[in-house]
Number of protein chains: 2
Amino acid sequence: MDHLSSNAPKGAGANALTCKLQQFTRLSLADRAALERVVAERRRTFLGREDISREGDKPTKIYVMLNGWACRYKFLEDGRRQIVAFFLPGDLCDLNIFILRQMDHSIGALTDVTVAEIGRDSFERLIDDHPRITQALWWEALVTIAIQREWTVNLGQRDALERIAHLLCELYVRLWSAGLATDGHCAFPVTQSDLADATGLSKVHVNRTLQELRQEGLIRLANRQLTILDLDRLKRLAVFDPNYLHLDREGAHLDANNE
Amino acid sequence: MDHLSSNAPKGAGANALTCKLQQFTRLSLADRAALERVVAERRRTFLGREDISREGDKPTKIYVMLNGWACRYKFLEDGRRQIVAFFLPGDLCDLNIFILRQMDHSIGALTDVTVAEIGRDSFERLIDDHPRITQALWWEALVTIAIQREWTVNLGQRDALERIAHLLCELYVRLWSAGLATDGHCAFPVTQSDLADATGLSKVHVNRTLQELRQEGLIRLANRQLTILDLDRLKRLAVFDPNYLHLDREGAHLDANNE
DNA sequence: CGATGGCTTGAATCGGCTCAAAGCTTGTGG
DNA sequence: CCACAAGCTTTGAGCCGATTCAAGCCATCG
């Protein structure tokens, strides 16, 4: 993945969403300003372990993750829990708002979380006035779906070691593309128990598997901080092919000219 | 699921797509005619085992499944295969066409398949002229994503028996909603080997698990025909909650008045 | 009629699970 | 500043669900 080094994350001022969307297409100054404005309009915070929205609720707002980590999860009646997605800064929760009557899953904060709430009106104004942003948001939605498919592959085909390695690769690359990781290092505020619920493994086995990755000299993981010591080897071990993240600036033909 | 009995599939004339979309909202005569027209424009057939589109291809057309079954799948480099979705008559393949540069997965025919090919122009005309159809297609896309999430849960949390039972429940209900199943009976042209690739189990174990379901008096499955003998019990065994299929006519407020 | 693809069965093995206990951190209140 | 609780991580032992390997069966089709 050469572009990981060449196409480094944008400067410190940009928020994670803008940074991520520019993996798809260069936004104009006006686009970026509009995004910043919408995101600044109304904020809300949640504490770690708090639910951001819950199965059965009527969805009413679009959330943009600004800070912290969250996850999408489902409970089975008998208490088993599966995390089906992680939300990182720059990710969007749920454009289904205007169509579906109720949530079929919950969204929970893993850490303290700050989100931007976007109402229907602001959102429609944004996409009406900024076709490039509309395209970029489509791209982000399609990537989200592609990630969900890859998780299906991950759970269906990979053994414990590959599975966890794959998840670490994915999260690292996604953080990187939002400007939140460099030199193999990133925040990683996910407990082993959460990791177990995301990978369909028991937490005991997650623990042993992480130890194996450490002993192999592939990662360092402690105090909610992850360092990937040998990304290439980790990717090979995980059979990780990043094509599904569509990071190759696939919307380059839409690029804005002005800086 | 009371609506399964009360809200029976529509008359024989309707195609599976129309039938399915009306689980969301009642279409007007004009809507239905427009759908039929678009779907009749250009057809194409594929043989069983043939690829409809392949990883790496540039997507260019929208396909509507008219007849036969297909699947979305991914290979890992080392040959392992995971089926990540089934396409049944009435399903749509890929609205990502106009955004993503290349397919990150393949679509393969499981049986002989007839599809309608829809070009970009026809599609845009359809959604410009028929807002109710646009909404219904949104709904169908959101349900597809919800199904993908539920597959993640299925692979992550359920054991072999539950997993296969769950898949059978889902496929039965989806076929039912497209007007292709009645009285617990439906076509089921999926080999045990395909089932293995879809559930992340070995085909030997799929075989034994199906036998268990048969011995329990829950299903009959032979000659590519499936009969569900006790849907309630099967659903309980599978911990199957159909809420993720959003079949409760969630778009009822958009219903067309005219017949 | 042989070939091919799908289904079935048995035996041995193993990856990952459960149960159980203990060590470590972090935060809270006395 | 210490005590204690709560939550997270680690370790060990025994077990079970699902896999692998291998062979045989059955139907269909050219």
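Computed from a predicted model, the values in this text were never measured in an experiment. Letters go in sequence order (proteins before strands), and every chain restarts at 1.
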Is the phosphate of dT10(D) approached by R214(A) (side-chain N or O, under 4.0 Å from OP1 or OP2)? yes
Do any side-chain nitrogens or oxygens of N207(B) fall under 4.0 Å of OP1 or OP2 in dC7(C)? no
Answer yes or no: does a side-chain N or O of Q192(B) lie under 4.0 Å from OP1 or OP2 of dT8(C)? yes
So which nucleotide from dA18(D), dG6(C), dC17(C) ends up closest to the side chain of T191(B)? dG6(C)
Rounded to whole Å, the CZ-P distance (R49(B) to dT4(C)) equals 17 Å
For the pair Q82(B) (side chain) and D197(B) (backbone), establish whether a donor and an acceptor sit closer than 3.5 Å, ignoring hydrogens and angles. yes
Between D159(A) and N223(A), the residue closer to the 5' end of DNA chain C by nearest nucleotide is D159(A)
Between N207(B) and Q211(B), is any side-chain donor less than 3.5 angstrom from a side-chain acceptor? yes
Can you measure E212(B) atom CD to dT8(C) atom P for me and round it to whole angstrom units? 14 Å
Under 3.5 Å donor-acceptor pair, R208(B) side-chain atoms to dG17(D) base atoms: no
R220(A) CZ - dT9(D) P separation (whole Å): 18 Å
Comparing nearest nucleotides in DNA chain C, the 5'-proximal residue of the pair S193(B), L201(A) is S193(B)
Please step through side-chain contact (heavy atoms from CB on, under 4.5 Å) for the pair V239(B) and H166(B), ending with a clear verdict. CA-CA 7 Å; V239(B) 201; H166(B) 192 278; over 6 Å; no
T111(B) side chain to W69(B) main-chain N or O, any donor-acceptor pair under 3.5 Å? yes
When you measure from the side-chain N and O atoms of Q211(B) to the phosphate of dT9(C), is any distance below 4.0 Å, counting only OP1 and OP2? yes
Send over the distance from L155(A) CG to dG16(C) P, rounded to a whole Å. 12 Å
Atom CG of L110(B) and atom C1' of dG5(C) are separated, to the nearest Å, by 15 Å
Atom-pair distance (CZ on R224(A); C1' on dG7(D)), nearest Å: 10 Å
Closest to side chain of V204(B), choosing from dA18(D), dT20(D), dC17(C): dT20(D)
Sugar-phosphate only, base, or nothing, as touched by G48(A) at under 4.0 Å among non-hydrogen atoms: nothing
What is the distance from NE2 of H205(A) to C1' of dG12(D), rounded to the nearest Å? 15 Å
Inspect the surroundings of CZ in R42(B) and state if more than 12 heavy atoms from other residues, nucleotides or ligands are less than 6.0 Å away. no
What is the distance from NZ of K203(B) to C1' of dC7(C), rounded to the nearest Å? 10 Å
